[in-house]
Every structure is written in structure tokens, then in C-alpha cells.
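See below for the structure under consideration.
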Amino acid sequence: MTRVLSCIQPTGEVHLGNYLGALRGWAQGQHSVAGGQRDAFHGIVDLHALTVTEAPEVVGRATVELAAMLFAIGLDPDIATVFVQSHVAEHSQLGWMMECTVSFGELSRMTQFKDKSARRESEFVSAGLFTYPALQAADILLYDTNEVPVGEDQRQHVEITRDIALRFNHRFGETFVVPKAVTPKAGARVMDLQDPTAKMSKSTGSDAGLVNLLDDPAEIARKFKRAMTDSDGEVRFDRASKPGVSNLLEILAACVGEPPESLATRYTQYGPLKTDAGEAVVELLRPIQARYHELMGDRGELQALLRKGADKARAVASVTLARAQSAVGMLPA
Ligand code: TRP
């Protein structure tokens with residue numbers, strides 16, 4: 001069995017790019033047994049979000065909303081383990097041991113820290129922002145994770161996790177499974193509707209170019225109607241010379257499950273393509289939004305689902321933590 005761990009920070013609304021690019025794959029992957037049994041853990045990593053959040057209650061709200069969204073997109077609590085990182089105290093506990101296993105020099109070389117701390121300029125740069133990869137190593141190693149599907153920006157953090165695991169095993173004896181980074185099965189590449197050469201992103205994009213999963217149908221239709229195209233008037237799938245039109249085709253393709261090239265042959269004008277892409281997204285999101293609002297209206301149910309996830313996560317994590325503590329020779333409580 002292959003244990004797979006994916007984690008996501010609760011830092012705001014989930015958008016169409018997140019969904020079609022990655023999250024939909026999480027939901028689809030949970031039932032697939034092709035290529036062997038997979039056992040998926042999904043952490044909502046609120047402790048990681050604390051590295052940059054300041055206002056009280058922001059993290060909690062974002063956590064509950066993200067949890068509702070993960071269940072709404074179809075993660076099945078009977079199959080996948082969806083849990084909140086801070087509900088499983090072992091993350092903080094092993095995190096400290098990881099901080100003591102990684103060096104200051106190694107953490108100093110993390111490009112994400114260098115970028116993020118430089119961007120924060122005169123703002124507060126927490127020590128947590130610096131030691132964050134140690135906590136991430138704990139997240140991964142606690143679950144005897146074999147595979148961590150990550151994008152390019154997180155590869156270095158999985159590499160440092162491997163280094164930490166190997167060093168710990170070398171110093172204290174075989175304790176951790178050494179994980180590897182894998183490239184997630186490619187979903188759709190959704191670009192900003194107003195700047196179709198840039199990926200849809202909540203940190204860099206404009207409001208008009210970004211479709212949130214909770215946008216209402218009128219808003220979605222409006223955003224698609226105003227999507228940036230080009231002036232040659234021909235509908236063709238060609239990312240390099242027609243990024244806007246190709247983005248609309250790719251989104252429509254992801255919704256209806258047909259290749260963008262064949263969809264292109266059905267249109268002679270941009271207007272109907274924009275309308276259809278918008279409508280397809282509305283239909284795709286309709287059941288997700290319904291389930292989301294249902295769960296948000298039933299906090300008891302949501303809490304029960306998260307308790308169940310945390311219990312399943314803790315059952316694995318506590319065994320690993322105990323193994324690590326015993327390897328180091330800490331005095332049992
Ligand atoms: N650092 C990751 C990000 O910013 C989130 C993350 C935390 C993570 N712990 C993880 C990802 C463990 C994979 C595995 O996106």
C-alpha cells in the first residue's frame with residue numbers, strides 16, 4: 001500500500017485553478033486502485049498558516065471553510081483521512097524534534113524562506129517562517145508517507161524532509177520511512193481570465209480574472225463574458241498565440257470531459273464560447289456549492305467529520321512519535 005500525504009494551507013478561498021488543477025484529482029484519486037492501493041491523508045495545515053497570520057479568528061474561519069470545501073468537492077471521510085493539523089498535537093511535538101535534527105544552515109538555504117521574508121520587507125518575519133520546513137518534515141514523517149505530491153515550489157521542502165529522515169535514522173536507528181516527492185497527475189492548467197499568460201492565483205491575480213468556487217452564477221457568467229481574448233476572431237486551441245481563447249477551451253474541456261481541440265471546432269465566435277464555458281463552470285460548481293453550504297449550516301456534522309479525521313490521523317501519528325522519542329531515548333511519561 002502506498003501512503004500519500006497532501007496538505008493545504010487554510011489561507012483563503014479556493015479558486016477554480018486550485019480545483020481543476022489539483023483538488024479534483026484528490027477526490028478522483030481516492031477511489032482509484034489502479035497501480036496499487038493508495039491510502040490518502042489530507043492535512044489542513046493551520047499551524048503553517050500561523051507563520052503569516054496575525055488577526056485573531058482568521059485561521060479558524062479559514063480552516064472550517066476549507067474543511068467544508070474539501071468534503072464538498074467529494075473527499076469521502078470513509079476513505080480519505082481529512083484532518084486539521086493542530087487537532088493532532090503530534091505535529092507540534094515531532095516538529096520540535098525535527099528542528100533539532102535540521103541545521104540552521106540548511107534552513108537558511110530554503111528559497112521559499114528567502115523569497116517570503118524578502119517580500120515581507122518591513123513586516124514581522126516570524127521564527128516560524130524560518131523553521132517551517134521542520135514542521136513540514138514532521139507532517140510528512142508522522143504518517144510513514146511514501147509519496148508527497150507537490151508542485152515545483154515545494155520540492156525543496158520534501159528534499160530537506162528526506163535529508164532529515166536519513167540523518168535521524170542514521171543517528172538513532174531506523175525510525176522514519178524516507179518519503180519522495182511525486183508530480184501530481186496533471187489536472188487542467190487554469191490561467192487568469194484577465195491575464196491568460198499567468199496561472200490563476202489569489203496572490204497575484206485580479207478579482208475579475210479569478211473564479212472562486214463560491215462565486216454565484218451571475219458573477220461567474222460576468223467574469224467569463226469579460227475574459228480577455230484577442231482580436232483575430234478565430235477559435236483555435238493554441239496556447240502560445242491564443243492564450244485567452246485556449247484558456248476558455250481548456251476550462252470548458254475540463255468541465256465537460258472532452259479535448260479542447262475538438263471543442264474548438266464547434267465555435268466560430270468568442271461570445272458563445274465564453275457563455276458556454278461560464279455555464280459549464282456554473283453547472284460543475286452547483287453541487288459543490290450546495291454541499292458546501294449544507295455543511296457550513298451544520299457545524300456539528302462538520303465537526304464530527306473532522307474529529308473522525310483527527311482520530312484516524314492521530315492513531316498513526318502517535319505511534320510514529322513514540323517510536324521517534326524512544327529512538328532518541330527520551331524518558332517515557
Ligand atoms: N508547505 C506547503 C505549502 O505551502 C504546505 C504543507 C505543509 C505541505 N505541510 C506539508 C505539503 C506536507 C505537503 C506535505 O503548500
Side-chain angles (χ1 to χ4, degrees), residues 2-15 17-19 21-23 25-26 29 38-53 59 62-63 66-67 69-70 75 80-99 102 107 110-117 119-120 126 128-165 176-185 187 199 201-204 309-310 313 316-317 320:
T2 306
R3 173 74 52 74
V4 184
L5 174 83
S6 312
C7 294
I8 179 166
Q9 289 199 44
T11 48
E13 270 188 68
V14 180
H15 60 70
N18 302 135
Y19 178 60
L23 297 180
W26 291 13
R38 300 164 79 74
D39 183 16
F41 279 65
H42 300 291
I44 299 174
V45 289
D46 55 344
L47 297 173
H48 279 88
L50 288 187
T51 56
V52 291
T53 338
V59 177
T63 300
L66 180 56
M69 189 50 87
L70 291 181
L75 285 180
T81 300
V82 179
F83 66 97
V84 175
Q85 184 186 31
S86 67
H87 294 180
V88 183
E90 284 79 359
H91 287 259
S92 308
Q93 292 174 279
L94 188 66
W96 177 254
M97 295 176 78
M98 299 295 95
E99 283 186 47
V102 71
L107 290 177
M110 293 294 110
T111 53
Q112 191 179 63
F113 172 73
K114 288 194 267 190
D115 289 352
K116 280 199 182 172
S117 56
R119 249 184 290 137
R120 289 181 74 79
S126 68
L129 195 63
F130 183 67
T131 60
Y132 164 126
L135 181 60
Q136 184 161 350
D139 300 339
I140 297 170
L141 299 180
L142 275 174
Y143 298 98
D144 294 332
T145 305
N146 305 104
E147 295 182 356
V148 190
V150 284
E152 273 317 305
D153 65 317
Q154 292 297 319
R155 290 216 158 233
Q156 201 183 25
H157 291 160
V158 180
E159 279 310 309
I160 203 173
T161 300
R162 290 170 59 86
D163 293 342
I164 293 174
F176 296 123
V177 171
V178 181
K180 68 169 192 286
V182 296
T183 308
K185 214 173 88 219
K199 259 178 84 170
S201 152
K202 66 185 162 219
S203 52
T204 55
V316 179
T320 314

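Counting starts at 1 for both ligands and their atoms, following the listed order. Values below: all heavy atoms of this structure, side chains included; hydrogens, waters and symmetry mates excluded. If you read the sequence from its start, that first residue is 1, and numbering goes on from there.
For Asp115 (side chain) and Gln112 (main-chain N/O), no donor-acceptor pair under 3.5 Å exists by modelled atom type. With Thr145 contributing its side chain and Ile140 its backbone, the two residues share a donor-acceptor pair below 3.5 Å. Thr320 places a side-chain N or O within 3.5 Å of a backbone atom of Leu142 that can act as its donor or acceptor partner. Side-chain atoms of Asn146 never come within 3.5 Å of backbone atoms of Thr2 as a donor-acceptor pair (strictly under, hydrogens ignored).
For the side chain to side chain contact (heavy atoms under 4.5 Å, CB included) criterion with Leu135, the lone passing option out of Thr51, Leu47, Leu94 is Leu47. Of the listed residues (Arg155, Gln156, Gln154), just one forms a side chain to side chain contact (heavy atoms under 4.5 Å, CB included) with Glu152, and that residue is Arg155.
Atoms of ligand 1 found under 4.0 Å from any heavy atom of Val148 (numbered from 1 in listed order, with element): 13 (C), 14 (C). Residue-ligand proximity, Tyr132 to ligand 1, at heavy-atom distances under 4.0 Å covers atoms 1 (N), 2 (C), 3 (C), 4 (O).
In terms of protein heavy-atom proximity, atom 9 (N) of ligand 1 is nearest to Asp139 OD2, 2.7 Å. Looking at atom 3 (C) of ligand 1, its nearest protein heavy atom turns out to be Gln154 NE2, 3.3 Å. The closest protein non-hydrogen atom to atom 11 (C) of ligand 1 is Gln136 NE2, 3.6 Å.
Distances between N or O atoms of His157 and those of ligand 1 include no value under 3.5 Å. Taking distance alone, with nitrogen or oxygen atoms compared against 3.5 Å, Gln112 stays at or beyond that limit from ligand 1. Not a single N or O atom of Ser6, backbone or side chain, sits closer than 3.5 Å to an N or O atom of ligand 1.
The proximity of Ile140 to ligand 1, defined as any non-hydrogen pair under 4.0 Å, is limited to the side chain.
Ring geometry for Phe130 versus Phe113: interplanar angle over 60°, hence perpendicular rather than tilted (30 to 60°).
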